[in-house]
Structure formats: structure tokens, C-alpha cells
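From a predicted model like this one, the values you see are computed outputs, not experimental measurements.
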Amino acid sequence: MSKAHRGTGIRDQFNNGRAECPVCKRSAVKCLYEKEIDGAKVKVCKQCNAKLSK
């Protein structure tokens, strides 16, 4: 089976969703999850999203 549609949700984002996470400061990770930190909405990585959801 073809997997042509895998990842299409992030292909239209800048740099395919990769950026520096504002929480853990790691670079070139996929920052796809919106969280509200200090009243501002920022996109964080998967690991920081799990930590902030607890």
C-alpha cells in the first residue's frame, strides 16, 4: 500500500514544523503542539507537551 499521504499535515508549515522548542531549547525538533505559557500561545515539542499536560 502507498504511504503518499503520510505527513501531509505538516508539509505546509514553515520548515515542515521543525523549530527550536521554547521550553527545552532543543533545536530542529518538530514543534506541533500549541500550549499556553505565560498568557501566550506557543508551539512546543512532543516531550514538553507531555510534561506540561500533567
Side-chain angles (χ1 to χ4, degrees):
M1 294 185 87
S2 175
K3 295 182 175 50
H5 301 292
R6 189 175 285 185
T8 56
I10 62 171
R11 285 187 197 155
D12 60 344
Q13 294 182 3
F14 175 72
N15 207 9
N16 290 333
R18 293 188 180 268
E20 181 178 333
C21 180
V23 179
C24 63
K25 305 296 186 211
R26 288 190 294 168
S27 60
V29 294
K30 292 179 187 172
C31 296
L32 303 174
Y33 305 93
E34 281 194 357
K35 285 289 181 180
E36 189 168 332
I37 300 174
D38 297 332
K41 285 193 172 187
V42 294
K43 290 195 173 191
V44 297
C45 65
K46 185 177 182 178
Q47 291 80 13
C48 292
N49 182 45
K51 280 191 275 185
L52 294 172
S53 294
K54 289 183 179 180

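- Remark: R26 pairs with C24, V29, C45, Q47 by the side chain to side chain contact (heavy atoms under 4.5 Å, CB included) rule, at least two apart or across chains.
- With sequence neighbours excluded, no residue forms a side-chain hydrogen bond (donor to acceptor under 3.5 Å, both in side chains) with S27.
- Expressed to the nearest 0.5 Å, how far CZ of R11 lies from CZ of R6 amounts to 10.5 Å.
- Nearest heavy atom pair, residue V23 against residue I37, reads CG2-CD1, 3.7 Å.
- Pairs of residues two or more places apart, or lying in two chains, never qualify as side chain to side chain donor-acceptor pair (under 3.5 Å) while including a residue from residues 12-24.
- In this structure, the side chains of L32 and K46 stay at 4.5 Å or more apart for every pair of heavy atoms.
- Among all heavy-atom pairs drawn from S53 and K35, the shortest one is OG-NZ, 3.1 Å.
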